[in-house]
Novice: 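Before I ask anything, let me first share the structure, which is written out below as structure tokens.
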Amino acid sequence: MTDITGSGPTRGEPVLSLRNVSKNFGAVSALTDIELDVHAGEVVALVGDNGAGKSTLVKILAGVHQASSGTIRFMGREVAMTDPGAALDLGIATVFQDLALCENLDVVANIFLGRELDPWRLDEVAMEVKAWTLLNELAARIPSVREPVASLSGGQRQTVAIARSLLLEPKLIMLDEPTAALGVAQTAEVLNLIERVRDRGLGVIVISHNMEDVRAVADRIVVLRLGRNNGVFTPESSNHELIAAITGATENAVSRRAAAHAAAQEGGLA
Amino acid sequence: MTDITGSGPTRGEPVLSLRNVSKNFGAVSALTDIELDVHAGEVVALVGDNGAGKSTLVKILAGVHQASSGTIRFMGREVAMTDPGAALDLGIATVFQDLALCENLDVVANIFLGRELDPWRLDEVAMEVKAWTLLNELAARIPSVREPVASLSGGQRQTVAIARSLLLEPKLIMLDEPTAALGVAQTAEVLNLIERVRDRGLGVIVISHNMEDVRAVADRIVVLRLGRNNGVFTPESSNHELIAAITGATENAVSRRAAAHAAAQEGGLA
Amino acid sequence: MSQNPNSVAGRSLDRADARLRQDEGLGGALRGFIDRVRSGDLGMLPVAVGLVLISVVFTSLNPVFVAPNNLVNLLFDCATVGIISLGIVCVLMVGEIDLSVGSMSGFASAMTGTLWVQQGWPLPGAILAALAVGALIGALYAVLFNRLGMPSFVATLSGLLAILGMQLYVLGAQGSINLPYDSPLVKFGQTLIMPDWFAYLVALIPGILIIANGLSAMRRRRAAGLSGGSLSLVVIKALVLTVALEVVVWYLNLGRGVPWMFGLFVLLVVGMNYALTRTQWGRSMTAVGGNREAARRAGINVRRIYASAFVLCSTFAALGGILSAARLASASQQAGTGDVNLNAIAAAVIGGTSLFGGRGSAYSALLGIIVIQAIASGLTLLNLSSSLRYMITGGVLAVAVIVDSLARRSRVSHGRA
Amino acid sequence: MSQNPNSVAGRSLDRADARLRQDEGLGGALRGFIDRVRSGDLGMLPVAVGLVLISVVFTSLNPVFVAPNNLVNLLFDCATVGIISLGIVCVLMVGEIDLSVGSMSGFASAMTGTLWVQQGWPLPGAILAALAVGALIGALYAVLFNRLGMPSFVATLSGLLAILGMQLYVLGAQGSINLPYDSPLVKFGQTLIMPDWFAYLVALIPGILIIANGLSAMRRRRAAGLSGGSLSLVVIKALVLTVALEVVVWYLNLGRGVPWMFGLFVLLVVGMNYALTRTQWGRSMTAVGGNREAARRAGINVRRIYASAFVLCSTFAALGGILSAARLASASQQAGTGDVNLNAIAAAVIGGTSLFGGRGSAYSALLGIIVIQAIASGLTLLNLSSSLRYMITGGVLAVAVIVDSLARRSRVSHGRA
Amino acid sequence: DGATVAFLMPDQGSTRYEEHDFPGFQARMTELCPTCTVVYQNANADASLQQQQFNSVLAQGATVVVLDPVDSAAAASLVQIAHSQGAKVIAYDRPIPDTPADFYVSFDNQGIGAAIAQSLVDHLKAEGVPEGSGLLQINGSPTDAAAGLIRDGVHSVLETSGYETLAEFDTPNWAPPEAQQWTAGQVTRFGDQIKGVVAANDGTGGAAIAAFKAAGVDPVPPVTGNDATIAALQLVISGDQYNTISKPSEIVGGAAADVAVALLNGTDPGATTTLYDTPSQLFVPAVITRENIKAEIFDKGIATPEEVCTGEYAAGCQELGITQ
Ligand SMILES: Nc1ncnc2c1ncn2[C@@H]1O[C@H](COP(=O)(O)OP(=O)(O)OP(=O)(O)O)[C@@H](O)[C@H]1O
Ligand SMILES: Nc1ncnc2c1ncn2[C@@H]1O[C@H](COP(=O)(O)OP(=O)(O)OP(=O)(O)O)[C@@H](O)[C@H]1O
Ligand SMILES: O[C@@H]1[C@@H](O)[C@H](O)OC[C@H]1O
Ligand SMILES: [Mg+2]
Ligand SMILES: [Mg+2]
């Protein structure tokens, strides 16, 4: 386990740094004293158990929720993310876990929402072409971009949400479980995308429960547990180490299942 | 690739069999001539690209949509699934990809929705205890079951949806990407659960994009591509074979990514 | 706390999570309450505060406002539209609307008048017939909504007109029918008051129920390994409520006393509240209003739920109409026209029931109608021109809900909208 | 189709998916249409069919219904409430409501009457003042909604009352004010008719626009590698529309002709339709109505969108009120009371705008108000007692939307609700 | 002959239009001009709807329109439209002050207000109620022009009566429950200071009575009314309501028919007076109290004992000699 700040493959300036960020919802403390740094050209993976507070953290950074306490510095200045518009203006693009799409609008309208081309006379042709380009880049399988998002499959929606975030020219891009609903090909494309984005010098925060994917793209792996920092790892850390940090125990459902399977297989062979 | 019917580790009677099931949404043919059999005590994995029609198929079997054509036999009799109530009454429990929870109700109310204990004087204590039991079985991390579902994290919601399906005594259980949002421990518990359910002689249909998980629990793997059957595999089939069937090409984003990484690593070593 | 098989690591099942502040006992309850104040999750309290606010203002303008007999009148007036509003709560709960409750109430009063006074039916027969017609019309809306997919706004707008036509038709040449003053119905609507001792007794019931239910729930929860909550909290709650109610009863008894009609209204509210919160049907109503498709997928017979909501609403409207006729001792063409519709809907909304479904309470009808009638009553005590009267009503209404709105706003900003 | 860098495997970008039926050319369009009929996705067609249905019935009962001058009167009558309804479409689009449009229209007419006739302001000044007050009141609602979080139902209900008070106050003892007949305003509201040739000319514009836009879109789409759609379809659409409009104009010219006031209404509808469908603002309105939180996360200034909706609604209500005054040549205490509110909301809903936000169209105000006024006009041609008139209005209204409801139902059952 | 005559009434607020005025008009029309077509419309208190109806009857070829205007000011433009199309307008019930119609047939609404108030004041004086005692005044709808006329009539009498108006109320939509709630409030406020109530019609009057009864006030102070509805006649008979006004609307309706036929035939309708520059015929309504109810109502056949003397009112009828 490495120290929380300053370490890791720091390829650039710190884009984002959080100090002592906490968030309470009534009697529940969703986040307590979180510290986090993201540098330019760095992919930070945020991992943790269900309800660990990953999405809450992302929402705070996206201006959706306000932190109960703590400071956020972005590009060297302390910032107050009062609403999502402010975060977007700062250059923070987010793919939310719940996608946040408008079901009544079609795919093109969702991708360009808030950033339509030609505000006084929408340029539907240009937007449609650009939408197809983005979607094809992500290997999306969407029959028509003129259907309301309500009729799309889970993975198709997720692709639309990811495509949205590519429109901006952000400095930091946050992806909250971007591949959860994606097919194998689409997942590969998103991982490629993350690498491309990193290589362009952006900071990236990615949340995932898939340790393989995480290790494939992350430069640093930050673990949250029950709303608190629980260590920073490198992709070279072992699976066992990581999972122990996430679940808070070396003996856990995953290890038990692995053991049981191993036993069964031995039994089968015997 | 094995033949579509009759093969595979048939441990029991056919619970479900579909013949020539098709579904159109306007100009889009979401499903075309689907054939599928599920036997008692068998786990069938349904895999396919985004938008391949997996969820549409599950929704048809759950009575949410009606098939445009084709026949469905359940427990030997031809059935018409006119609405979700009918499917539930037949003994088909479903975990939907979009979860289908009532955001305004709390966790307990959602788990017991439609099957409340003591309809004329709800037994909240008994329901709460049972809810905790189910959730703990799934290694859920939910601070309070008396909060509306709207305030839960993505994985917590998914756990609630899975817990719902355990309440029934079904003959067939369908899980549409049940582990997409789950943490590693919860995923392990759900895989355990699938095995327990199978061992109790139920038929199970599970949809997932995670080939490892699929291979870990499935007895047969049915591939859909662009709304059509695209082969049936066994867990022993290679990853490469499976992904080729899903994406419809041996050269695909996954293989490309793998190749690129291999090249990069070599380059790095050189 | 007894060590229980279900409890985890010495903590009760529902308090096991490390992130949860352990609010035990009275102090915990207090901390929880402060949290709720901060996050704006206060239920009906803000509206009640708004009500107190306007009461203080009106009393300072004219002390007659709090004269016992003025309050007794207020309670009489609340009962009729309040019962209609209770039906509105039902349709709002499932996210629909009934615009025809005014007409329905007018038609029911016309039917009662015609059948009873003119045709000589026995009173209970006439009332039952009117209620049955109400239920029937609700069933008709359900068919239009469930089978033909007609939006309830349009279906009940058609109903509003058609039923008004029927009301005019039934009253025909007569225009209005006097109901006999010495009949039990009119007495019920105008003068029937609970005996003092009885009112005092009734006011004890809520406290007793709270303690009884609280104790039994606590015992069962502890036995099951759940946190039990604080006994003292339950006792204090019951005590405060009982004292408050007894004082109110005592005060009303200084005047004429507690109207039976208001008693009936409260009984219906409490019954409805039980049905909405403690039965499977009520759970289904909330679910359908919150997410129709999710409810359907849970196997709930969504159509039947909608039907029950429409039928209940029309039936309550009919009952409210009959009681309005009793209150006025007359069944007339004007009954149910004018502001009845808007007031009934507004009462529910002011009380906190959402127009979008899935969130509401039977008590919102009670509280909302009291707010509306208090404003009306307060204004009758001031000599105002019509123009001023309208302006002030509008202003006061806004003020009465501002407290609630602010609380709700803070709820949103705390991420619990 | 030209081979384009963007097209995939010889197919245009948006037609590449194998599951998509390739609906090219006229035959494809026809197949697409049949699909849409089947799945109930027909926009305004069903309501139009309902309208034709009731027109046939009324005509068979009394041929005067289709007399050119009766239709001219109908158009005059549609314009006033129609414009108010257009404002309602705006607030419904974002999922809110304005109950005060009736009062607002009455107050605007009272203001115009007082300032212009009594205070001697120049007419444009009086009109502008009334519109400005409308906008101001809308802005006030926006503040109550955005800053205090007051539900729009309650805020505008307060407004309804307060503004009615102001209307009574402004008109004072007088009660009503005559507007001079020979003033341009009253002429506009009562008699001003387009010259025949001009009306014919105007009726050409939609067709020309369709062809022009259609061709340019087709060219640009093809150039960008998207499917272009069928040229013949565009031409046929334009032709059918043009012929239909010219016939209508010809028929109306047999009577008095096309009222300028109706022209203004249609112009506003078309403008509003453009704003809602072809501008960023309109997109944001739809988004906010569909999913407020998603719109907010997309960086849309949600508060500004709500504010624009409330301001537009109140301003349109004021304009409608001024035109009602012009139509009646009087500004009176009754203006805006009675059914104005319900009719304005009902028109939008009947035309297909959802009460729940995110779905609607400016044309729904046009179509809905024509349905409502056609029913009213048809009934004036039959000698009916009030009771029958109400019953029949209710029944006919239900019938007029039944076609639409059935279509919608099939849409739901096809999974596209 | 063969002409179309329209009869346009303003609202549902009172049943008289549909139940008395129009039948009277129609009966007389059938008598005088059997071939004429009579069209009836009621505008539900909506001035725009009335305009629509007016245009519609003109489109149907009406040459004479009998108009009871919802909005007297707006009606001026209707007269102009009619005249521009060669049709004649008879103002009915409510005047059209700004543009002279061809004729005006009416009861005088302001006169009605004065009459009910005067009758009440006389009664109180006869009972020895001292000057300076308090009265309540319940007006009609604040948005109804006719209600304004009645209110003005009441004011003109009460101002000089020596009695004090304790409080005054415009009843929204003429709705009885609103009147009842307001009266109930005044009863708590003023108690037995209230010596009488001037209510602008029978609906609001009945509501005031209900409020007194509900408050347990016994005897109920005298309450006025207007319209002579069956319900009000019954209350007068039982002694609960002090007075009402009989407007034998059939007779006025018949008179309008006479004028219509005269205008059709181009003969002189025979005005008795001129009001608002319009040749007019005004009828004097009769104030009805217990004293004259038999003579004015039953003996004149305006209502029959069968419809009034039902149930609990039978005794009162006997007492007054209406039934044996
Ligand atoms: N209600 C609907 N209306 C129109 N098209 C629909 C509808 N529902 C699904 N579709 C289309 O049917 C196709 C199959 O969707 P489905 O949800 O079954 O995919 P899936 O295999 O579950 O994909 P994923 O892995 O992304 O969940 C998609 O192209 C989708 O756009
Ligand atoms: N609006 C809210 N009101 C109350 N509690 C909330 C709210 N939002 C989140 N929480 C709570 O905060 C905790 C953290 O939730 P969060 O969504 O951040 O988890 P997560 O790490 O993203 O989990 P997952 O992997 O399941 O997505 C959860 O226990 C959740 O119940
Ligand atoms: O008789 C009155 C009538 O003159 C007025 O216009 O409306 C109400 C009725 O009661
Ligand atoms: Mg999350
Ligand atoms: Mg799916």
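No hydrogens, no waters, no symmetry mates; every other heavy atom, side chains included, goes into these values. It should be emphasised that the depicted structure is a prediction, and the values quoted were computed from it without experimental measurement. Here is the naming used below: chain letters follow the sequence lines, and residue numbers restart at 1 for every chain.
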Novice: So which part of Leu152(A) gets closer than 4.5 Å to some heavy atom of chain B, the side chain, the backbone, both or neither?
Specialist: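 For Leu152(A), no heavy atom lies under 4.5 Å from chain B.
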Novice: For Gln158(A), is it the side chain, the backbone, both, or neither that has a heavy atom closer than 4.5 Å to a heavy atom of chain B?
Specialist: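 Gln158(A) has no heavy atom closer than 4.5 Å to chain B.
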Novice: Go through the atoms of Ala139(A) and report whether side chain, backbone, both or neither lie under 4.5 Å from a heavy atom of chain B.
Specialist: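 For Ala139(A), neither part sits under 4.5 Å from chain B.
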Novice: Keeping Asn230(B) on the side-chain end and Ala245(B) on the backbone end, is there a donor-acceptor pair under 3.5 Å?
Specialist: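 Yes, Asn230(B) side chain to Ala245(B) backbone: donor-acceptor pair under 3.5 Å.
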Novice: Name the member of Lys54(A), Met211(A), Glu177(A) that forms the most heavy-atom pairs with chain B at distances under 4.5 Å.
Specialist: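 Of the options given, most contacts go to Glu177(A).
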Novice: If you measure from CZ on Arg141(B) to OG1 on Thr159(B), what distance do you get to the nearest 0.5 Å?
Specialist: 11.0 Å
Novice: Main chain of Leu138(A), side chain of Gln186(A): is a donor-acceptor contact present, judged purely on distance under 3.5 Å?
Specialist: no
Novice: Less than 4.5 Å to any heavy atom of chain B: does that hold for the side chain of Ile246(A), its backbone, both, or neither?
Specialist: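 Contact with chain B: side chain only.
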Novice: Regarding Glu189(A) and Arg256(B), does a basic nitrogen lie under 4.0 Å from an acidic carboxylate oxygen?
Specialist: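 Yes, charged N to carboxylate O under 4.0 Å.
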Novice: Does any backbone or side-chain atom of Asn210(A) lie under 4.5 Å from a heavy atom of chain B? Answer side chain, backbone, both or neither.
Specialist: side chain
Novice: Is a side-chain N or O of Ser165(A) found less than 3.5 angstrom from the main chain of Thr94(A), in a donor-acceptor match?
Specialist: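 No, Ser165(A) side chain to Thr94(A) backbone: no donor-acceptor pair under 3.5 Å.
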Novice: Do other residues, nucleotides or ligands put more than 12 heavy atoms under 6.0 Å from Arg225(A) CZ?
Specialist: yes
Novice: Can any side-chain N or O of Arg257(A) pair as donor or acceptor with the backbone N or O of Ala185(B) at less than 3.5 Å?
Specialist: no
Novice: Against chain A, label Ser55(B) side chain, backbone, both or neither, depending on which of its atoms sit under 4.5 Å from a heavy atom there.
Specialist: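 Answer is neither: Ser55(B) stays 4.5 Å or more from chain A.
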Novice: Can you check whether anything in residues 96-104 of chain B gets within less than 4.5 Å of chain A, heavy-atom wise, and list it by number?
Specialist: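 At a heavy-atom separation under 4.5 Å, chain A is reached by Gln97(B).
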Novice: Non-hydrogen atoms of chain B under 4.5 Å away: do they reach the side chain of Ala140(A), the backbone, both or neither?
Specialist: neither
Novice: Taking Ser208(A) for the side chain and Val214(A) for the main chain, is one N or O donor matched with an acceptor at less than 3.5 Å?
Specialist: no
Novice: Which residues satisfy the side-chain contact (heavy atoms from CB on, under 4.5 Å) test with Arg146(A), sequence neighbours excluded?
Specialist: Asp106(A), Val108(A), Glu124(A), Glu128(A), Ser144(A)
Novice: Of all of Thr187(A), Asp176(A), Leu182(A), which one pairs up most often with chain B through heavy atoms under 4.5 Å apart?
Specialist: Leu182(A)
Novice: Is a side-chain N or O of Asn110(B) found less than 3.5 angstrom from the main chain of Ala161(B), in a donor-acceptor match?
Specialist: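 No; zero donor-acceptor contacts below 3.5 Å.
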